[in-house]
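Here is the structure we will look at, set down as structure tokens.
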Amino acid sequence: TTQAEVLESLSETLPTTLYVTETLEQGDGLSLVREVKKKSREIKVLVFLERSHPGVIKDTMEAGADGILLVDEMGRGNYGEAVLAISRGGTYFPEMVMDTIKEEVSSSQRLLLLNELTEREVEVLSLVCDGKSNAEIAEACVISLTTVKSHMSSIFGKMQVSDRTQLVVLALKNQLV
């Protein structure tokens, strides 16, 4: 079936569920999902992905898929789980898909946090995480103790923490250094 054929058939009748592969004979599975969801948000869409690349998964979710099944993980009982979940009005995203989204969120959060800091503040943060005192940071960076304190105050504000321990925990948790 092609993308055009599916869209044409939707003008005649609206199915409750649509099963879509990532690639179609003619057309693109994800653009089909977008078009179907424009016609009716009530149609449930389960997408079969051949690629588990984080970008593809993110695009599939953003297109409006109610569920994703990774083709290489088929046969583990997840097809039945997916169909049942979607038919009940829910969603189905396997653990690997959810892990990918968590990693994506973490990467996005990490970038946002790092973008808040100047290059010098990132350097100071790295030294703080290495356990260096303000005096040791001043010596390593060849700056005054007052300047280190100024950087620390700025970092605390930007990272929304109140002490070094919270800062180090936040930095390590988000892999900032």
With rounding to the nearest 0.5 Å, note down the distance linking [atom1] in [X] to [atom2] in [Y].
X    : Y    : atom1 : atom2 : value
M152 : L127 : CE    : CG    : 10.5 Å
T60  : L30  : OG1   : CG    : 4.0 Å
N78  : Y92  : CG    : OH    : 4.0 Å
T17  : L46  : OG1   : CG    : 8.5 Å
K158 : L167 : NZ    : CG    : 12.5 Å
D59  : D28  : CG    : CG    : 9.5 Å

> For residues 132-150, which residue pairs qualify under side-chain hydrogen bond (donor to acceptor under 3.5 Å, both in side chains), counting only residues two or more places apart or in two chains?
Replying inline: S133-E136, N134-R164, S144-T147
> Would you call L18 and L10 a side-chain contact if the rule is heavy atoms closer than 4.5 Å?
Replying inline: no
>> Restricting to salt bridge (Lys or Arg N to Asp or Glu O under 4.0 Å), what partner residues turn up for K39, sequence neighbours left out?
In response: none
> Picking from E121, E116, M159, what satisfies side-chain contact (heavy atoms from CB on, under 4.5 Å) with S154?
Replying inline: E121
>> R34: which residues meet the side chain to side chain donor-acceptor pair (under 3.5 Å) condition with it, sequence neighbours left out?
In response: none
> So which heavy atom on A63 is nearest to which on V33, and how close?
Replying inline: O-CG1, 3.6 Å
>> Tell me the closest heavy-atom pair linking A171 and L125, and the distance in Å.
In response: CB-CD1, 4.0 Å
